[in-house]
There are 2 protein chains.
Amino acid sequence: MDLDLNTLSSRVYEDLKRRLNEGSLRAGQFIDLSALGRELGMSRTPLRDALIRLELEGFVVIYPRRGVMVRPLDLSDIRDIYQIVGALEGAVALKIGNRFQDEDADRMRSFIDAMRAALDADDFDAYYVANLAFHDVYLDLSDNGDLVRTVRTLKGRLYDFPRRTGYVKEWERASLVEHGEIEARLRARDYAGAASAIRDVHWSYEVQERFIRSYYFATGSQGR
Amino acid sequence: MDLDLNTLSSRVYEDLKRRLNEGSLRAGQFIDLSALGRELGMSRTPLRDALIRLELEGFVVIYPRRGVMVRPLDLSDIRDIYQIVGALEGAVALKIGNRFQDEDADRMRSFIDAMRAALDADDFDAYYVANLAFHDVYLDLSDNGDLVRTVRTLKGRLYDFPRRTGYVKEWERASLVEHGEIEARLRARDYAGAASAIRDVHWSYEVQERFIRSYYFATGSQGR
DNA sequence: AATATATATCTGATATATCAGTTGCGCAAG
DNA sequence: CTTGCGCAACTGATATATCAGATATATATT
């Protein structure tokens, strides 16, 4: 599936991602293939193709002959995702070498400033966009497409599916400090230090656990 | 797809993996769905389901309306896989903590001895089995199922698809030294050291490149 | 009232017919 | 001889009918 949207199943895959993002498909909810096919005006075959892909990416679970459920995200899932993203994103920083230039550090610095301004303005969406852009500065320097794709899929599961509207300001203020540390280490070409700041602090479940608990589970939106 | 083999597509998925392993489906080869369906006595639908999964795992490429090709493994793929496996397996060692006991180190030591004996006897299969078992000692201590599953899928792509029969003895002798280092660091509870031995040496593409080139490409079996 | 069994219903899985995008080939025109 | 066009052939994609495993419900038995 080369995902260039020239197949129905590619398009329905994107549509399902959008529904998961906006919350019209919610964790724990079962998906009725017949009803959805009728709504979308298509047979179940491209739906099945798309759902197989979503299952392998961790968004849904297909119970053969029983139903398809949107997969909830519990604390152990989040912990697992943190460990994988930390390891992989840390590996990108570790190996970044000469690809990283001062202008990359400058761009990271500007996104930190944008994040701070967004926090001051209580603008969660602006914070979210700047946060992703900050990390993308060095992720985009990696030529390991599978690694970066994996990281982005997993971040999507944390951030986008569903897309959340609230945030824990204290957490984001702490993240700003961490972002500053990452940028400083990269600017200093201390790649091992940057990798550690990413893996062992920023993407450490243990370090971030109290924020994670308050962000994902305090509102009772989902969880066990 | 819960992979308990109670669906046809699960069974055909396993069968296709076996064909990839034994080389009856080879890199670069196109798979004829109609012919394969007739051979297996089934429709193309479960074949498609299985191939979608294999595509997402990196074994094949589906060109819509054109064909399905077994994906070759080139040097950049191998480099990418090395980086991901190194990062993830290193992360397992880093976080292993109190789960790791002296008896685990003893088991690792026994697999090192088994690998040495296999090399002395020129027994590649025994070496291969002991090598996997060695790494599985600490991988099995991780409770991050997705991480370990990803590592195993990627190792499979390197080792098993196709399964190779030759080996580079010099490489394996060097690996033995690395295995000893990993075991010693874990036994000493030097988790950061173990993680580095795994990520920065054992699973470093740059460190292993000359062996990789001679193993994967010297026979001209595949490559560009 | 509890348990076992038979039957109905539900939903995904699969078979098959047909569609549709891609590529190859033959032929005409320059 | 080269190029462009029309058509045929190829293969995956999709629609639809049917199958089949899983679950719920009704009924019989203890």
Side-chain angles (χ1 to χ4, degrees), chain A residues 1-20 24-72 161, chain B residues 1-20 24-72 161:
Chain A
M1 186 181 285
D2 53 14
L3 266 194
D4 64 356
L5 300 186
N6 79 344
T7 60
L8 249 189
S9 65
S10 298
R11 294 202 289 272
V12 72
Y13 167 87
E14 295 301 329
D15 183 67
L16 291 171
K17 292 288 281 284
R18 182 182 55 75
R19 290 169 188 250
L20 291 165
S24 59
L25 285 178
R26 287 190 172 82
Q29 179 178 348
F30 274 78
I31 297 173
D32 184 333
L33 269 70
S34 300
L36 189 52
R38 286 195 295 277
E39 180 192 332
L40 295 172
M42 64 176 65
S43 78
R44 283 177 299 177
T45 313
L47 282 182
R48 267 184 65 72
D49 285 3
L51 287 166
I52 290 168
R53 179 187 178 93
L54 287 170
E55 183 182 39
L56 289 168
E57 290 179 346
F59 291 105
V60 302
V61 186
I62 299 175
Y63 298 101
R65 307 185 189 86
R66 284 169 285 177
V68 180
M69 186 180 76
V70 179
R71 190 173 166 183
F161 300 104
Chain B
M1 186 183 283
D2 53 12
L3 265 195
D4 64 356
L5 301 184
N6 79 344
T7 61
L8 249 189
S9 66
S10 299
R11 294 202 289 272
V12 71
Y13 168 86
E14 294 300 331
D15 183 67
L16 291 171
K17 292 287 282 281
R18 182 181 54 75
R19 290 169 187 248
L20 290 165
S24 58
L25 284 179
R26 286 191 173 81
Q29 178 178 348
F30 274 78
I31 298 173
D32 184 333
L33 269 70
S34 300
L36 189 53
R38 285 195 296 275
E39 179 191 333
L40 295 173
M42 65 176 65
S43 78
R44 285 178 297 177
T45 313
L47 282 182
R48 270 185 62 73
D49 285 3
L51 287 165
I52 290 168
R53 180 188 177 91
L54 287 169
E55 183 182 39
L56 288 169
E57 290 179 347
F59 292 104
V60 302
V61 185
I62 299 175
Y63 298 102
R65 307 184 188 87
R66 285 169 285 175
V68 180
M69 186 180 76
V70 179
R71 192 173 163 184
F161 300 104

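Letters A, B, ... are given to chains in the order of the sequence lines, protein chains preceding strands, and every chain is numbered from 1.
With dT11(C), dT14(C), dA15(D) as the choices, the nucleotide that has an atom nearest any side-chain atom of Pro46(A) turns out to be dA15(D). With distances taken from any side-chain atom of Asp32(A) to the nucleotides dT11(C), dT18(D), dT14(C), the minimum falls on dT11(C). When the nucleotides dG12(C), dA15(C), dA15(D) are ranked by their closest atom to the side chain of Met42(A), dA15(D) comes out on top. For Leu33(B), counting side-chain heavy atoms from C-beta on, the closest listed nucleotide (dT18(D), dT14(C), dG12(D)) is dG12(D).
For the pair Leu36(A) CG and dT11(C) C1', the interatomic distance rounds to 14 Å; values are reported in whole Å. The separation between Ile62(A) atom CD1 and dA22(D) atom C1' is 16 Å, rounded to whole Å. We find that CG of Leu8(A) is positioned 18 Å from P of dG12(D), with the value rounded to whole Å. The CE-P distance, from Met69(A) to dT11(C), rounds to 16 Å in whole Å. Atoms OH (Tyr63(A)) and C1' (dC10(C)) sit 17 Å apart, rounded to a whole Å. We find that CZ of Phe30(B) is positioned 10 Å from P of dG24(C), with the value rounded to whole Å. One can place CZ of Arg38(A) at 14 Å from P of dA15(D), the figure rounded to the nearest angstrom.
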Listing, residues 29-41 of chain B side-chain donor-acceptor contacts under 3.5 Å, not counting sequence neighbours, or none:
{"residue": "Gln29(B)", "atom": "OE1", "partner": "Arg26(B)", "partner atom": "N", "Å": "2.9"}
{"residue": "Asp32(B)", "atom": "OD1", "partner": "Ser34(B)", "partner atom": "N", "Å": "3.1"}
{"residue": "Asp32(B)", "atom": "OD1", "partner": "Ala35(B)", "partner atom": "N", "Å": "3.1"}
{"residue": "Glu39(B)", "atom": "OE2", "partner": "Arg19(B)", "partner atom": "NH1", "Å": "3.3"}
{"residue": "Glu39(B)", "atom": "OE2", "partner": "Arg19(B)", "partner atom": "NH2", "Å": "2.9"}

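Figure legend: Arg71(B) and Phe59(B) shown without cation-pi pairing, the cationic atom not lying both under 6.0 angstrom from the six-membered ring centre and within 45 degrees of its axis.
Across all strands, Leu51(A) comes closer than 4.0 Å to no nucleic acid atom at all (heavy-atom distances). Looking at heavy-atom distances under 4.0 Å, Leu47(A) makes no contact with the nucleic acid at all.
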Please write out the pairs of protein N or O atoms and N or O atoms of nucleotides 19-21 of chain D separated by less than 3.5 Å, giving the distance to one decimal.
{"residue": "dG21(D)", "atom": "O4'", "partner": "Arg65(A)", "partner atom": "NE", "Å": "2.9"}
{"residue": "dG21(D)", "atom": "O4'", "partner": "Arg65(A)", "partner atom": "NH1", "Å": "3.4"}
{"residue": "dG21(D)", "atom": "N2", "partner": "Arg65(A)", "partner atom": "O", "Å": "3.3"}

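In terms of heavy atoms, Gly28(B) sits closest to Pro72(B) at N-CG, 4.0 Å.
Listed pair Ser43(A) / dT14(D) fails the phosphate criterion, with no side-chain N or O lying under 4.0 Å from OP1 or OP2. Considering only side-chain N and O atoms, Ser9(A) lies under 4.0 angstrom from the phosphate OP1 or OP2 of dT14(D).
Nearest-nucleotide positions on DNA chain C place Gly67(A) closer to the 5' end than the other of Gly67(A) and Thr45(B).
Using a 4.5 Å heavy-atom cutoff, the side chains of Val60(B) and Met69(B) are not in contact.
Remark: side-chain polar atoms of Glu55(A) are paired, donor with acceptor, to backbone N or O of Ile62(A) under 3.5 angstrom.
Taking CG of Leu25(A) as the start and CZ of Arg18(A) as the end, the distance is 9.5 Å to the nearest 0.5 Å.
In this structure, Arg65(A) has no salt bridge (Lys or Arg N to Asp or Glu O under 4.0 Å) partners at least two apart in sequence or on a different chain.
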